[in-house]
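Note that the structure is predicted; figures quoted are calculated from it, not measured. The chains referred to below are lettered A, B, ... by the order of the sequence lines, with proteins before strands, and numbering in each begins at 1.
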There are 2 protein chains.
Amino acid sequence: MKRNTWQREAVRGALDANDGFVSAQALHSALHSTGSPIGLATVYRALADLADTGDADSLQSPEGESLYRACSTNDHHHHLICRNCGLTVEIEADAVETWAKDVAAKNGFTAAAHVVDVFGLCAACTATAAASAK
Amino acid sequence: MKRNTWQREAVRGALDANDGFVSAQALHSALHSTGSPIGLATVYRALADLADTGDADSLQSPEGESLYRACSTNDHHHHLICRNCGLTVEIEADAVETWAKDVAAKNGFTAAAHVVDVFGLCAACTATAAASAK
DNA sequence: ACCTTGCTGATAATGATTGTCAAAACCATT
DNA sequence: AATGGTTTTGACAATCATTATCAGCAAGGT
Ligand SMILES: [Zn+2]
Ligand SMILES: [Zn+2]
Ligand SMILES: [Zn+2]
Ligand SMILES: [Zn+2]
């Protein structure tokens with residue numbers, strides 16, 4: 001049976017309080033800074049659970065770290081992520097969905113899944129970068 | 001200045017000899033098994049170089065490992081990868097390219113890059129899986 | 001051949017993630 | 001509210017890929 005613990009709530013809450021994708025380590029730090037004594041391993045476990053049940057999305061950062069996010073919908077969708085501040089925009093892309101399905105089928109592949117993420121600099125970070133570059 | 005060493009050639013050659021994406025570790029093992037005394041750190045460095053110069057493509061496996069591949073073209077393209085045997089098919093997707101550019105621009109993002117990969121089971125592996133499942 | 005300087009490789013260090021396991025927390029039941 | 005079977009936790013060790021060190025080697029220009 002699956003039990004309810006304050007630790008799980010804490011992780012879920014911390015995820016919700018965050019706009020963009022966060023690493024397990026970052027989330028653990030954030031929780032600690034608010035006085036929570038939650039353990040690191042527990043944060044990892046809670047995040048893995050949330051990802052399993054579809055309550056959170058996860059992806060690999062370009063550096064290979066696992067990042068997690070609580071999304072507004074549990075429907076399949078993708079993300080546009082600021083590589084500087086982590087700001088994330090959820091995006092739908094029916095065109096990409098059908099394209100992925102087609103290209104897999106045309107090549108005889110089954111059980112196809114896909115990874116589609118766009119990384120960039122958000123408007124705010126772009127402005128900051130331009131200012132500091134002068 | 002950039003020097004030519006047999007180590008670099010060895011890594012490039014080993015990459016070429018391989019159909020799909022490989023990890024640095026796997027490539028190092030493969031080289032060792034052919035009697036090459038090349039060092040692990042050197043394999044990592046050579047692969048990073050090849051990826052930098054566009055002579056190799058790299059991506060993060062779903063498990064977070066960095067994988068490399070020598071592609072037939074150095075033009076921008078994506079991959080359809082068998083998650084069982086590693087067979088890789090290079091795919092172009094102009095539609096996806098413009099979509100990625102558009103979605104970034106429409107949200108005020110600059111310096112946009114994207115990660116687009118399709119994972120599945122190739123025809124051969126699908127057949128094998130079906131047979132053993134019976 | 002000589003010299004300068006980039007390259008190599010054995011090894012240590014790093015850093016994220018997972019495994020361990022006794023103690024603590026849950027929760028249905030008494 | 002106390003009990004007991006089970007799950008979860010958390011401090012810490014263990015993994016595992018990747019990177020940093022740094023002294024010795026070698027590529028290329030002279
Ligand atoms: Zn930003
Ligand atoms: Zn999709
Ligand atoms: Zn296959
Ligand atoms: Zn592309």
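Residue Ser66(A) places at least one side-chain N or O closer than 4.0 Å to OP1 or OP2 of dT17(C). Contact annotation: Tyr44(A) side-chain N/O to dT17(C) OP1/OP2 distance is under 4.0 Å.
If you take NE2 of His28(A) and P of dG15(C), they are 17 Å apart, rounded to a whole angstrom. In this structure, the CG atom of Leu67(A) is 15 Å from the C1' atom of dG15(C), given to the nearest Å. Between the CZ atom of Arg12(B) and the C1' atom of dC7(C) there is a distance of 15 Å, given to the nearest Å. In this entry the distance linking CD of Glu65(B) with C1' of dA16(C) reads 14 Å, nearest Å. Put simply, CG on Leu40(B) is 11 Å from C1' on dA10(C), counting in whole angstrom units. Note: CG (Leu47(A)) to C1' (dT18(C)) measures 14 Å, nearest angstrom. Rounded to an integer number of Å, the gap from Ile38(B) CD1 to dT8(C) C1' is 9 Å. Nucleotide dT17(C) holds its P atom 13 Å from the CD atom of Glu63(B), rounded to whole Å.
Arg8(B) comes within contact range of the sugar-phosphate backbone alone, with a heavy-atom separation under 4.0 Å but no base atom that close.
Here His28(B) pairs with His32(B) under the ring-ring contact (aromatic ring centres under 6.0 Å, His included) rule; sequence neighbours left out. Applying the salt bridge (Lys or Arg N to Asp or Glu O under 4.0 Å) criterion to Asp102(A), with sequence neighbours excluded, gives no partner residue.
Using a 4.5 Å cut-off between side-chain heavy atoms of Ile, Leu, Val, Met, Phe, Trp and Tyr, Ile91(A) falls into a hydrophobic cluster with Leu80(A), Leu87(A), Val89(A), Val96(A), Trp99(A), Val103(A), Phe109(A), Val116(A), Val118(A), Leu80(B), Leu87(B), Val89(B), Ile91(B), Val96(B), Trp99(B), Val103(B), Phe109(B), Val116(B), Val118(B).
Side chain of Arg12(A) to backbone of Ala70(A): no donor-acceptor contact under 3.5 angstrom is found. A donor-acceptor pair under 3.5 Å links the side-chain atoms of Arg69(B) to the main chain of Asp19(B), judged by distance alone.
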**Report entry** Stepwise side-chain hydrogen bond (donor to acceptor under 3.5 Å, both in side chains) check, Thr73(B) with Glu90(B)
**Finding:** CA-CA 9 Å; Thr73(B) 170; Glu90(B) 300 181 17; over 6 Å; no
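For DNA chain D, the contact window with chain B, defined by any atom under 4.0 Å from a protein heavy atom, covers dA17(D) to dG28(D) in 5' to 3' order.
Summary for the helix from dA1(C)-dT30(D) to dT30(C)-dA1(D): the axes at its two ends, each from 5 pairs, differ by 30° when rounded to the nearest 10 degrees.
No single ILVMFWY cluster, assembled from side-chain heavy atoms under 4.5 Å apart, contains both Trp6(B) and Met1(B).
Annotation: Glu92(B), atom CD; neighbour count of heavy atoms from other residues, nucleotides and ligands within 6.0 Å does not exceed 12.
Closest approach of Cys125(A) and Asn84(A) over heavy atoms only: SG-OD1, 3.1 Å. Across Ala24(A) and Val43(A), no two heavy atoms sit closer than the pair O-CG1, 3.7 Å.
In this pair, Phe21(A) and His79(A) present their aromatic rings perpendicular. The plane angle is above 60°, beyond the 30 to 60° band.
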Using atom names, set out every protein N or O paired with an N or O of nucleotides 26-29 of chain C below 3.5 Å, distance rounded to 0.1 Å.
{"from": "dC26(C)", "atom 1": "O2", "to": "Arg3(A)", "atom 2": "NH1", "distance (Å)": "3.0"}
{"from": "dC26(C)", "atom 1": "O2", "to": "Arg3(A)", "atom 2": "NH2", "distance (Å)": "3.2"}
{"from": "dC27(C)", "atom 1": "OP1", "to": "Asn4(A)", "atom 2": "N", "distance (Å)": "3.2"}

